[in-house]
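What you see is a predicted model; the values in this text were computed from it and never measured. By convention in this document, chain letters (A, B, ...) are assigned in the order of the sequence lines, proteins followed by strands, and residues within each chain are numbered from 1.
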Protein chains: 2
Amino acid sequence: MPRADAQRNYDRLLTVAETAFREHGIDAPLERIARSAGVAVGTLYGHFPNRRTLLGALLRERNEALFELGDRLLAESADDALERWVRAVTEHAAAYQGLAAELVGGADDEASELHASCVRMMRIGEDLVARARAAATIRPDVRGEDVFALMNAAAWLRGAGSAAEADRIVDFALAGMRP
Amino acid sequence: MPRADAQRNYDRLLTVAETAFREHGIDAPLERIARSAGVAVGTLYGHFPNRRTLLGALLRERNEALFELGDRLLAESADDALERWVRAVTEHAAAYQGLAAELVGGADDEASELHASCVRMMRIGEDLVARARAAATIRPDVRGEDVFALMNAAAWLRGAGSAAEADRIVDFALAGMRP
DNA sequence: TTATATTTCGAGGGTCCCTCGACTTAACCT
DNA sequence: AGGTTAAGTCGAGGGACCCTCGAAATATAA
C-alpha cells in the first residue's frame, strides 16, 4: 500500500492533469501540471514515468464506462446499436485533443500503453459490425477497422473543426455503409 | 530585387524545409532546418517571421497546381468531377502531417496566412457540389463545408493511420452523399 | 573604392523535456 | 515517544527548441 503523501500527490496530479489535457490537449506541459498540483517535476515523473502512463491512468475510468456501454449494446442487440457505439466512441476519443491520434496509433502498436483498450474497442466494434451484417443493416464489405477509423477521424474533426461538422461526416459515412 | 545571397538562402531554406516538413510534419524544428540549410537561425527568421509564413511559401506552388485542377474540373463538368476533387485535395492536405489541421483552422480564421487558399478551395468545392446537386448526383442537403471537412478528416487519417483506410472512409462518405 | 543598405550571425533569455543524487518524512518497531 | 529506514520528494542541470536583437559582415551601387 502506498504512503499517504504519495497517494495524495497521485490523486492531485490526476485531477490537475485531467483539466490540463481537456483544456490544452494531451501535449499540455507536464511541468505546468506538476506546478499546478503543488508538486515538483520529479514527483510527477516518479508516479508517471512518461506522458503516456499519465494518459493511460486518466483513461482508465473513462474506458470502464465505455466498455460497459459496449457490452450493454452487444447484449441489447438493438438495430441502432452500431450507430450509438460510433457516436459514443467518437465523443470519447474527442475528450482530449490528440487522443484520437494516440488511439489510431496505439491500435496496431503492440508496445503502446493503450493497446489493450484499443483492441477491446475494436473488438466490440467488430462484433457490432458482424451483427449488423447478419441483420443486413450494413453493407457486407464494411469491416471493423472501417468504423474504428471513422470514429477517430470524426473525433479529430471535433477537436480541429466543429463538433456539428464531425457529426455530419459520421452521418454521411454511416449512410454510405448501409446496403 | 533581393540580394544574391539572400535569394540563395531563401531557396535553400525552402528546399530543406520541404523535406523536413514532409518527413517530420509541419512541427519539424526550425533550428534544425536552418542548420541543414547551412544558415543561422536568425537568417531563417529574417526570411520567414514564423512557421506559418514558411508553410505558406512552401504551399504556394503546390496550391497553384491544385487550383488549376479545380478550374479544369469545373470546366470539364464530368460526372466524377467532385469525387476527383475530393481525392486530389485529400492527397494535397496529407502532404505534411499537421497540414490538415492547419487548413481546417485557417478556413474560418480570417487572420491566417492560408485563409485565402482555404477559401478558394472551399469555393471550388462548393461550385462542384452545386453542380452535382443540379445533376442530381448528390443529396440536396450536402454542403460545401461537408466535403471540405471530409477531405481534411481523410487527410488526417492518412497521416495518422493508413492511406488505404482513409480512402475507404472517403468511399463510404461519398456513397452516403449520393441520393 | 568607398559608402551604405541589406543580410547574416549567434549569444541569450524563455519554456519544456527528463534524470538523478541529496534530502525529507511517513510508518513501523521497540 | 524516539529511532530506523524504506519510500517518496525535491529541484538543479543538461539538452532541445523557440524567437529576438544588436553587432558584424557583405553585396551592390555610386
Side-chain angles (χ1 to χ4, degrees), chain A residues 1-58 96-99 101-102 105-106 111-114, chain B residues 1-58 96-99 101-102 105-106 111-114:
Chain A
M1 52 214 61
R3 240 167 66 172
D5 54 346
Q7 183 65 49
R8 183 169 44 76
N9 287 335
Y10 183 92
D11 293 342
R12 275 192 191 169
L13 283 167
L14 271 192
T15 308
V16 172
E18 210 285 328
T19 74
F21 281 9
R22 183 156 34 76
E23 292 177 357
H24 308 296
I26 66 174
D27 289 322
L30 299 185
E31 287 199 323
R32 192 188 296 287
I33 291 175
R35 228 178 303 138
S36 280
V39 145
V41 243
T43 300
L44 186 151
Y45 282 97
H47 286 290
F48 309 101
N50 53 58
R51 168 174 258 107
R52 283 277 232 307
T53 321
L54 178 53
L55 182 60
L58 229 35
Y96 314 128
Q97 280 207 22
L99 175 55
E102 209 65 31
S112 166
E113 296 255 8
L114 308 93
Chain B
M1 51 215 63
R3 240 168 65 172
D5 55 345
Q7 182 66 48
R8 182 170 43 77
N9 288 334
Y10 182 93
D11 292 343
R12 275 192 191 169
L13 283 168
L14 270 192
T15 309
V16 172
E18 210 284 328
T19 74
F21 281 9
R22 182 157 36 74
E23 292 177 358
H24 307 297
I26 66 174
D27 289 322
L30 300 185
E31 286 199 323
R32 190 188 297 285
I33 291 176
R35 228 178 304 140
S36 279
V39 144
V41 243
T43 301
L44 186 151
Y45 282 97
H47 286 289
F48 310 101
N50 52 57
R51 168 174 258 109
R52 282 275 234 305
T53 323
L54 179 52
L55 182 60
L58 228 36
Y96 314 128
Q97 280 207 23
L99 175 54
E102 209 65 31
S112 166
E113 297 256 7
L114 308 92

Quiz prompt | Test side chain to side chain contact (heavy atoms under 4.5 Å, CB included) applied to B:D27 and B:Q97, step by step | solution = CA-CA 8 Å; B:D27 289 322; B:Q97 280 207 23; over 6 Å; no
Quiz item: Does the side chain to side chain contact (heavy atoms under 4.5 Å, CB included) test come out yes or no for B:E113 and B:L55, once each step is laid out?
Solution: CA-CA 9 Å; B:E113 297 256 7; B:L55 182 60; over 6 Å; no
Quiz item: Should A:V39 and A:R12 be marked as a side chain to side chain contact (heavy atoms under 4.5 Å, CB included) after you check the CA-CA gap, both sets of side-chain angles, and the distance that decides it?
Solution: CA-CA 9 Å; A:V39 145; A:R12 275 192 191 169; 5.5 Å; no
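One can place CE of B:M1 at 17 Å from C1' of C:dT7, the figure rounded to the nearest angstrom. Following rounding to the nearest Å, A:E31 (CD) and D:dG14 (C1') show an atom-to-atom distance of 13 Å. Here D:dT28 presents its P atom at 11 Å from CD of B:Q7, a figure rounded to the nearest Å. Following rounding to the nearest Å, B:D27 (CG) and C:dC16 (P) show an atom-to-atom distance of 16 Å. A:Y45 has its OH atom 4 Å from the P atom of C:dC18, to the nearest Å. Rounded to whole Å, the distance from CG on B:L44 to C1' on C:dG10 is 14 Å. With rounding to whole Å, A:L13 atom CG is found 12 Å from D:dT9 atom C1'. Computed from coordinates, the B:R35 CZ to D:dA16 P distance equals 8 Å when rounded to whole Å.
Side-chain nitrogen and oxygen atoms of B:H47 include at least one within less than 4.0 Å of the OP1 or OP2 phosphate oxygen of C:dT8. Between A:N9 and the phosphate of D:dT9, there is a side-chain N or O to OP1/OP2 separation shorter than 4.0 Å. Distances shorter than 4.0 Å separate none of the side-chain N or O atoms of A:R3 from OP1 or OP2 on C:dT25. Applying the 4.0 Å criterion to OP1 and OP2 of C:dT7, one finds that B:T43 has every side-chain N and O outside that range. Residue B:R32 places at least one side-chain N or O under 4.0 Å from the OP1 or OP2 atom of D:dC17.
Distance OH/A:Y96 to CG/A:L58: 3.5 Å, rounded to 0.5 Å. In this structure, CG in A:D5 is found 9.0 Å from OG1 in A:T43, a value given to the nearest 0.5 Å.
With distances taken from any side-chain atom of B:A40 to the nucleotides C:dC16, C:dG10, C:dC18, the minimum falls on C:dG10. Among the nucleotides C:dC18, C:dA26, D:dA27, the one closest to any side-chain atom of A:L30 is C:dC18.
Sequence order on DNA chain D of the closest nucleotides to A:G46 and B:P29 puts A:G46 first from the 5' end. Nearer the 5' end of DNA chain D, as judged by each residue's closest nucleotide, is the contact made by B:A28, out of B:D5 and B:A28.
Across all strands, A:R51 comes closer than 4.0 Å only to sugar-phosphate atoms, never to a base (heavy-atom distances).
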